[in-house]
Novice: 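Okay, handing you the structure first.
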Protein chains: 2
Amino acid sequence: MRVSQRTEYGIRAMIALARDFDDVVSIKELAEREAIPEPFLEQIMADLRRAGLLKSTRGPYGGYRLKSAPDEITVGRVMEILEGTLSPARCASGCARQRGCSTRSVLDRIERSITETLDDIYLKDLIGDTVDE
Amino acid sequence: MRVSQRTEYGIRAMIALARDFDDVVSIKELAEREAIPEPFLEQIMADLRRAGLLKSTRGPYGGYRLKSAPDEITVGRVMEILEGTLSPARCASGCARQRGCSTRSVLDRIERSITETLDDIYLKDLIGDTVDE
DNA sequence: CTTATCCTTACTATTTTAGTCAGGTTTAAA
DNA sequence: TTTAAACCTGACTAAAATAGTAAGGATAAG
Ligand code: FES
Ligand code: FES
């Protein structure tokens with residue numbers, strides 16, 4: 001049940017952008033600062049942009065910035081995008097046997113508690129911390 | 001962040017044994033009933049036994065049974081054994097940068113809420129459900 | 001003694017994750 | 001208007017984790 005490296009990188013990048021909310025930061029810069037492989041980060045940022053969390057500017061002096069303020073973006077949303085879902089279940093949410101499936105009822109409870117926890121943590125709450133890796 | 005097949009099988013097997021608390025059930029029987037590959041289940045059961053959740057009897061008419069009553073075993077304990085840990089963090093709990101690591105603080109919060117949730121669910125609470133796969 | 005069962009270790013195959021690469025598109029600035 | 005710095009995309013490869021298999025030994029009932 002570990003979180004993927006991809007997600008971890010994404011969270012770190014988002015926190016870094018939250019700290020630098022007024023600036024546009026390039027992937028190159030961000031990758032260096034956070035010690036993340038540049039082309040890998042590029043993919044991650046593209047996903048976060050497509051999901052509507054970032055806006056990008058192309059060309060020289062271009063880069064990324066948060067689309068909303070750090071106190072409007074939850075870690076839950078970031079993780080949901082990067083992990084695909086926050087549910088630990090192995091079968092789709094519309095599974096026919098869902099009703100009455102013991103394992104599923106347990107996994108659904110886990111999902112609810114994760115969601116509740118993460119929807120309460122905003123990027124803003126994390127920018128005070130000193131290390132991000 | 002999905003749970004492994006191994007863990008899912010393990011939970012199902014434990015629930016099945018909870019239903020049949022008075023009997024000794026062989027792996028063969030259990031594997032058939034729950035549609036789990038027999039030699040794979042064998043490994044899983046051995047882990048649960050080594051961790052102290054099951055007791056086994058060898059030889060003909062042998063098999064497994066729960067070591068404690070279904071109202072004394074939590075799903076949290078079962079999952080902890082099968083997953084190794086309930087923490088989604090990628091680095092060990094003694095990581096040097098743990099203090100002040102933003103990502104870690106988020107992952108630790110997730111772990112706490114998962115643990116709280118799962119330590120409240122006993123096998124007993126699940127034996128009423130009709131389907132287990 | 002034979003057979004059913006657990007027990008252990010080692011192996012293989014499959015799937016997922018992590019990361020790379022190549023080449024295209026946009027845009028600021030010289 | 002050319003150049004270069006950035007984003008953008010999709011396909012590819014490598015590594016790691018997971019799922020599952022195989023082989024053979026140990027124990028105990030009948
Ligand atoms: S098998 Fe799909 S919900 Fe349990
Ligand atoms: S790097 Fe180990 S706790 Fe964050």
Side-chain angles (χ1 to χ4, degrees), chain A residues 1-13 17 23-67 79 81-85 88-91 133, chain B residues 1-13 17 23-67 79 81-85 88-91 133:
Chain A
M1 284 247 311
R2 277 191 329 168
V3 81
S4 68
Q5 186 66 268
R6 183 186 156 69
T7 296
E8 218 180 280
Y9 286 158
I11 293 174
R12 272 165 50 192
L17 289 179
D23 299 331
V24 168
V25 184
S26 74
I27 284 178
K28 191 180 174 199
E29 165 80 16
L30 203 50
E32 259 166 35
R33 286 218 299 246
E34 296 291 329
I36 298 170
E38 198 178 318
F40 194 19
L41 181 58
E42 200 163 16
Q43 287 186 6
I44 297 167
M45 299 297 276
D47 280 349
L48 290 168
R49 177 186 54 75
R50 286 187 209 107
L53 258 53
L54 298 175
K55 46 186 179 188
S56 61
T57 326
R58 306 228 276 205
Y61 299 92
Y64 283 93
R65 46 181 308 183
L66 299 186
K67 203 162 174 182
M79 285 191 62
I81 291 163
L82 295 171
E83 291 280 324
T85 168
R90 302 180 61 81
C91 59
E133 33 171 354
Chain B
M1 284 246 312
R2 277 192 328 168
V3 80
S4 68
Q5 187 66 268
R6 182 186 157 71
T7 296
E8 219 179 280
Y9 286 158
I11 294 174
R12 273 165 51 194
L17 289 180
D23 299 331
V24 168
V25 184
S26 74
I27 284 179
K28 192 180 176 202
E29 164 79 16
L30 203 50
E32 258 166 34
R33 285 218 301 248
E34 295 292 328
I36 299 170
E38 198 178 318
F40 194 17
L41 180 59
E42 199 162 16
Q43 288 186 6
I44 298 167
M45 299 297 277
D47 281 349
L48 290 167
R49 177 186 55 75
R50 285 186 209 109
L53 258 54
L54 298 175
K55 45 185 180 192
S56 61
T57 327
R58 309 227 274 207
Y61 300 92
Y64 284 93
R65 45 181 308 180
L66 299 187
K67 202 160 175 182
M79 286 191 59
I81 290 163
L82 295 171
E83 292 281 323
T85 169
R90 302 180 61 80
C91 57
E133 34 171 353

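Every chain is numbered from 1, with letters handed out A, B, ... down the list of sequences. Worth knowing before you read on, the calculation uses all heavy atoms, side chains too, and leaves out hydrogens, waters and symmetry mates.
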Novice: Could you tell me which residues satisfy salt bridge (charged side-chain N to carboxylate O under 4.0 Å, His left out) with B:R33, sequence neighbours excluded, listed by chain and number?
Specialist: B:D20, B:E29
Novice: Which residues satisfy the side-chain hydrogen bond (donor to acceptor under 3.5 Å, both in side chains) test with B:S4, sequence neighbours excluded?
Specialist: B:T7, B:E83
Novice: Answer yes or no: does a side-chain N or O of A:Y9 lie under 4.0 Å from OP1 or OP2 of C:dG19?
Specialist: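 It does, given that an N or O in the side chain of A:Y9 lies less than 4.0 Å from OP1 or OP2 of C:dG19.
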Novice: Whole angstroms only, please: what is the CD-P distance between A:E83 and C:dT17?
Specialist: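 Roughly 8 Å, once rounded to whole Å.
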Novice: Between A:M1 and A:V25, which is nearer to the 5' end of DNA chain D once each is assigned its nearest nucleotide?
Specialist: A:V25
Novice: For B:E29 and C:dT5, give me the distance from atom CD to atom P, rounded to whole Å.
Specialist: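 Roughly 10 Å, once rounded to whole Å.
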Novice: Could you work out, with side chain to side chain contact (heavy atoms under 4.5 Å, CB included) as the rule, every residue matching A:T85, not counting sequence neighbours?
Specialist: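 A:T85 satisfies side chain to side chain contact (heavy atoms under 4.5 Å, CB included) with A:S87, A:E111 only.
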Novice: For the residue pair B:R65 and B:V24, what are the closest heavy atoms and their distance?
Specialist: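 So the minimum-distance heavy-atom pair works out to CD-CG2, 3.8 Å.
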Novice: Could you tabulate the donor-acceptor pairs under 3.5 Å formed by side-chain atoms of residues 35-55 of chain A, not counting sequence neighbours?
Specialist:
unit_1	atom_1	unit_2	atom_2	d
A:D47	OD1	A:R50	NH1	2.7
A:D47	OD2	A:R6	NH2	2.2

Novice: Could you tell me the separation between the CD1 atom of A:I27 and the P atom of C:dT20, rounded to a whole number of Å?
Specialist: 14 Å
Novice: Strictly below 4.0 Å, heavy-atom distances to any atom of DNA chain D: list the hits from residues 55-63 of chain B, or just say none.
Specialist: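 Heavy-atom cutoff 4.0 Å gives B:R58, B:G59, B:P60, B:Y61.
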Novice: How many Å lie between NZ on B:K28 and P on C:dC7, as a whole number?
Specialist: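 Going from B:K28 (NZ) to C:dC7 (P), I get 18 Å.
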Novice: Could you report the tightest heavy-atom contact between B:E8 and B:V3, atom names first, then the distance?
Specialist: OE1-CG1, 4.1 Å
Novice: Over how many whole Å does the gap from A:R12 atom CZ to C:dA18 atom C1' extend?
Specialist: 14 Å
Novice: Do you know the tightest heavy-atom contact between A:S26 and A:G62?
Specialist: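 That closest heavy-atom pairing would be CB-O, 3.9 Å.
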Novice: Could you state the atom-to-atom distance from CG of A:L41 to C1' of C:dT17 in whole Å?
Specialist: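 Answer to the nearest Å: 16 Å.
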Novice: Going 5' to 3' along DNA chain D, which are the first and last nucleotides with any atom under 4.0 Å from a heavy atom of chain B?
Specialist: D:dA19 to D:dG30
Novice: Between C1' on C:dA18 and CZ on A:R2, what's the gap in Å once rounded to a whole number?
Specialist: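 One finds 12 Å between C1' of C:dA18 and CZ of A:R2, rounded.
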Novice: Under the ring-ring contact (aromatic ring centres under 6.0 Å, His included) test, which residues partner B:Y64, sequence neighbours left out?
Specialist: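 Partners of B:Y64 by the ring-ring contact (aromatic ring centres under 6.0 Å, His included) criterion come out as none, since no residue qualifies.
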Novice: N/O contacts under 3.5 Å, protein versus nucleotides 9-13 of chain C?
Specialist:
unit_1	atom_1	unit_2	atom_2	d
C:dA10	N6	B:Q43	NE2	3.1

Novice: For residues 41-61 of chain A, which residue pairs pass the ring-ring contact (aromatic ring centres under 6.0 Å, His included) check, not counting sequence neighbours?
Specialist: none
Novice: By side chain to side chain contact (heavy atoms under 4.5 Å, CB included), which residues pair with A:E32, not counting sequence neighbours?
Specialist: A:K28
Novice: Tell me, do B:L17 and B:L30 make a side-chain contact under 4.5 Å, heavy atoms counted?
Specialist: yes
Novice: How long is the line joining CZ of A:R6 and P of C:dT20, in whole Å?
Specialist: 15 Å
